[in-house]
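Since the structure comes first, as structure tokens, the remarks are kept for the end.
Reckoned from all heavy atoms, side chains included, excluding hydrogens, waters and symmetry mates. Throughout, protein chains are lettered first and strands after them, A, B, ... in sequence-line order, and every chain is numbered starting at 1.
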There are 2 protein chains.
Amino acid sequence: MTEVRTIRLLLSYAGGEFHGWQSQPGLANVQDTLEAAIEAVCGERVTVHGSGRTDAGVHALGQVAHCELRARLPCAGLQRALNARLAASVRVLRAEEAPPGFHARHDARGKLYRYRIYRESVCPPWLAGYVYHHPYRLDEAAMAAAAPGFLGRHDFRSFAAAPEKRTPPLASCERRLTRSELRREGAELVYEVYGDGFLHHMVRNLVGFLLEIGRGARRGSEIPAVLAARARRAAGPTAPARGLYLVRVDYDGAEAWHEAPPQL
Amino acid sequence: MTEVRTIRLLLSYAGGEFHGWQSQPGLANVQDTLEAAIEAVCGERVTVHGSGRTDAGVHALGQVAHCELRARLPCAGLQRALNARLAASVRVLRAEEAPPGFHARHDARGKLYRYRIYRESVCPPWLAGYVYHHPYRLDEAAMAAAAPGFLGRHDFRSFAAAPEKRTPPLASCERRLTRSELRREGAELVYEVYGDGFLHHMVRNLVGFLLEIGRGARRGSEIPAVLAARARRAAGPTAPARGLYLVRVDYDGAEAWHEAPPQL
């Protein structure tokens, strides 16, 4: 009888090539793509569990996933074989044996997301799918000053997609953010947010609200009331997926997994 | 009677989205795309002349083109209207009135090309269409030492695509290179070449030969003999299009056109 190993994968993918992370019939998605590649390489049908779903168009610099595997292939060989078979739009940056019982979603302790807003009047062709091109007037200083207003433990229901979509019940909408920072980086306005978990569309809705502040339609001082409202309509629009990156997922005692490849 | 103006365009495009620059029925190409956009914006059917063709997959940071236009639209308005109509994969960085008789191809005095070779074992998904991924062993020092061997005025017939394709007759295969330099930039090996003109596939064939040197299959000292042979078979393979960028095109008295947008 062959022993089952838990394999942990560090992944990078270009979100524009997929209809999101989650398995769904007839639409290209990262999960099905990985499961098909693993079956082709190992002759084994497995389920690949991600640390969380990413929506269509959202990119991953360092997504983490796991699966249970019987095949005895060494991890380095598995990584090479998967990369040789997968399309260039998804890459296995690392494969390694995880402690038995490791679960990419349940064990995730923190996640870092980044959102890129391109501010020049003309967006270079190769960045079009990788930033939100917003060349119009924004009060960037007001946005930067407001960003830390999301810090701390709050019920983020106002920034979650409508509940019928897939948001958990009200009781579990509390999340703790320990970084919420907006800054200029050359031609881009970059928002970074770190938290112990995120609701569906949460980062894009936080960015959408910051953009409303930049446009002068809302003020940073409204954030406490918007959070207290616990209603999606209290916040702002959802920023486009293409500017969003899952940068890294953190686990207890796995510092090395913090690394992510260079961004474009 | 409306006067005809000569309009000069500075363009950037992602080569992977097009079957090259040149107009051809049934295949997406940059020239047809621009002509259709100009017709939609100005109601005028024009021919757009590029400084030269770029092959399918070759990117442009700063291609230059011109057309003759009767429409009275100001240049800044023309640029905005074209960018609003064009796909994100091609951008008009600038539009301006050129001296009468200006010709993007005939008047070009020099061109700068760049070729990017990605050396890490795993290529990030977003770079896959924008570099040649070559993670295998290369003697980079030997390649760098050999690169200046192409400098000067030579008959580059050995580095031109087969004549039946579209290479000019032997008499006109002389070109003068004033930069030919290979260097490391982080994870990439970057080759830059500046010349008064280039034959079909010439940069990709120069890179192909440098890669042969890197593999140890050829030596830099062979370059004079390869040039003297004036035969395509004397040189090496053609490097893939996706690593190649037309960086800029120079004209007499038009320094401002040297600018190009940031690369990814």
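Each of B:Arg80, B:Arg94, B:Gln79 was evaluated against A:Val122; a single residue qualifies, B:Gln79, per the side chain to side chain contact (heavy atoms under 4.5 Å, CB included) test.
Here A:Ser89 is the residue among A:Gly129, A:Ser89, A:Ala128 with the most heavy-atom pairs under 4.5 Å with chain B.
In this structure, B:Trp126 and A:Leu127 have side chains that are not in contact, with every pair of non-hydrogen atoms separated by 4.5 Å or more.
When the shell of 6.0 Å around CZ of B:Arg45 is examined, it contains more than 12 heavy atoms from other residues, nucleotides or ligands.
Between A:Cys123 and B:Arg91, the shortest heavy-atom contact is O-CG, 3.2 Å.
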